[in-house]
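Below is one structure, written out as structure tokens, with a few remarks after it.
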Amino acid sequence: MTAQLLNGAAVAEQIRAQVAKEVAERVAEGKPAPGLATVLVGENPASQVYVKSKHKACQQVGIQSSGYELPASASQGEVEALVRKLNDDPAVNGILVQLPLPSGLDEERVLNTVSLQKDVDGFHPVNIGRLAQKGREPLFIPCTPAGCMVLIESVLPDLNGANAVVLGRSNIVGMPVALLLVRANATVTICHSRTKNLKDVCRSADVLVAAVGRAEMVRGDWVRPGAVVIDVGINRVEDASKAKGYRLVGDVAFDEVKEVAGCITPVPGGVGPMTIAMLLQNTLRAARMAG
Ligand code: NDP
């Protein structure tokens, strides 16, 4: 292995410890513990796992978390009414609506209902709009993209003029990562399913962020020697040797790319833990904004 391993789990642990310390200090000052409310609609198993791990992480740092669940049959009005109730609850500083919502619900309208001051996921259209505009500051930055930036900047603090390529243009990862890279003065190329000569575009990158959801798509010869490679993907591949019958891999062929890249994140243990650490940080920030 020639690449430096970007250990997201270790960086995330440091951030969580810092959040725990600051939460304890607030409580010692007589302020209430920050509160996070999660809204889970339907029974998507992956979403259930993510929500559970967010509650566990909150508990570990002293953030008060409460989970709200609605059936997949919930109406648009019921989901929005729950969000409004949480907007009005002073014990709730952050609201996280777990995505994706079941089909039939209007995601944009639900996200638009979340109070801007409680939008710890950073997906409110106003926060995303501000992220896209020069000279505007979002109140919150989406967690996975923010986690990617922390890892990138830990090894490349100056992104001025760097060539960054983002594979994927989703609302929750690809596009906001690209916007953050632009804000850091990188020159950014966004790739998607219609991009031509993907391999050549990727090879131009000083920083390559892969968020496509395709197991091990990025091969060793797609990467410029010395590049910083951030693998956001979480994909299950069958593996009879594992008790669960599968293992998790990223969008990057780790064993090949680690021989070429300068730095690389592993899967698991790279971007995933950073996402939760950023959520904790955003929730603490929301509590501070509330007083
Ligand atoms: P989406 O499916 O919403 O978006 C995938 C993007 O990749 C789209 O823009 C799509 O292009 C593009 N794409 C798909 N196939 C190809 C291809 N063959 N060539 C080029 N581009 C392609 O996924 P998400 O952004 O939600 O998630 C991406 C990955 O990140 C998933 O594995 C997901 O599990 C993981 N993830 C990890 C998180 C973490 O905490 N670590 C958090 C969130 C997601 P087009 O727009 O043209 O369709």
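Hydrogens, waters and symmetry mates play no part in the numbers below; they use all other heavy atoms, side chains included. Counting starts at 1 for both ligands and their atoms, following the listed order.
For ligand 1, the atoms lying closer than 4.0 Å to a non-hydrogen atom of Arg214 are 14 (C), 15 (N), 18 (N). Contact atoms of ligand 1 toward Gly168: 6 (C), 7 (O), 9 (O) (distance under 4.0 Å to a heavy atom of the residue). Counting the atoms of ligand 1 from 1 in the order shown, those under 4.0 Å from a heavy atom of Leu198 are 19 (N), 20 (C). When each atom of ligand 1 is checked for a heavy atom of Gly272 under 4.0 Å away, the hits are 40 (O), 41 (N). Distances below 4.0 Å separate heavy atoms of Thr275 from the following atoms of ligand 1: 39 (C), 40 (O). Each of the atoms 28 (C), 29 (C), 31 (C), 32 (O) of ligand 1 lies under 4.0 Å from some heavy atom of Gly213.
Considering backbone and side-chain atoms alike, Arg169 places an N or O below 3.5 Å from some N or O of ligand 1. Among the atoms of Arg194, none of the N or O lies under 3.5 angstrom from an N or O of ligand 1. Where the criterion is an N or O separation shorter than 3.5 Å, residue side chain and backbone included, Ser193 meets it with respect to ligand 1. Ligand 1 has a nitrogen or oxygen under 3.5 angstrom from a nitrogen or oxygen of Ile234.
At the shortest separation from atom 42 (C) of ligand 1 among protein heavy atoms lies Thr144 OG1, 3.4 Å. Atom 13 (N) of ligand 1 has Val212 CG1, 3.5 Å as its closest protein atom, hydrogens excluded (heavy atom only). Looking at atom 17 (C) of ligand 1, its nearest protein heavy atom turns out to be Met217 SD, 4.0 Å. Considering only non-hydrogen protein atoms, atom 44 (C) of ligand 1 sits nearest to Val173 CG2, 3.8 Å. Of the protein's heavy atoms, Ser170 CB, 4.1 Å lies nearest to atom 1 (P) of ligand 1.
Of the protein's heavy atoms, at least one falls inside 4.0 Å of atom 11 (O) of ligand 1.
The nearest pair of heavy atoms linking Gln133 to Arg183 is O-NH1, 3.4 Å. Taking every heavy atom of both residues into account, Val201 and Cys191 meet most closely at CG1-SG, 3.7 Å. Residues Ile141 and Leu131 approach most closely at CG1-CD1, 4.5 Å, considering heavy atoms.
The closest heavy-atom contact to atom 41 (N) of ligand 1, among the options Leu167, Leu248, Val232, Val166, comes from Val232. The heavy atom nearest to atom 20 (C) of ligand 1, considering only Met274, His192, Arg236, Met175, is found in His192.
At least one side-chain heavy atom of Leu181 sits less than 4.5 Å from a side-chain heavy atom of Ile152. In this structure, Phe123 and Glu107 have side chains that are not in contact, with every pair of non-hydrogen atoms separated by 4.5 Å or more. Gln60 has its side chain within reach of Arg16: a pair of non-hydrogen atoms, C-beta onward, lies under 4.5 Å apart. Contact annotation: the side chain of Leu208 never approaches that of Ile230 to less than 4.5 Å [non-hydrogen atoms, C-beta and beyond]. Residues Asn171 and Ile128 form no side-chain contact, since every pair of their non-hydrogen atoms from C-beta on lies 4.5 Å or further apart.
Of the heavy atoms in Ile172, only side-chain atoms (C-beta onward) come closer than 4.0 Å to ligand 1. Contact annotation for Asn171 and ligand 1: no heavy atom of the residue comes within less than 4.0 Å of the ligand. With a 4.0 Å cut-off on non-hydrogen atoms, Asn235 touches ligand 1 through its side chain and not its backbone.
Atom CZ of Arg136 has 12 or fewer heavy atoms from other residues, nucleotides or ligands within 6.0 Å. The neighbour count for Glu108 CD, taken as heavy atoms of other residues, nucleotides or ligands under 6.0 Å away, does not exceed 12. Gln64 CD: 12 or fewer foreign heavy atoms inside a 6.0 Å radius.
The closest donor-acceptor contact from the side chain of Thr113 to the backbone of Arg109 lies under 3.5 Å.
Under 3.5 Å, the side chains of Gln76 and Glu80 contain a donor-acceptor pair of N or O atoms.
Note on ligand 1: Gly174 sits outside its first shell, no heavy atom being nearer than 4.0 Å.
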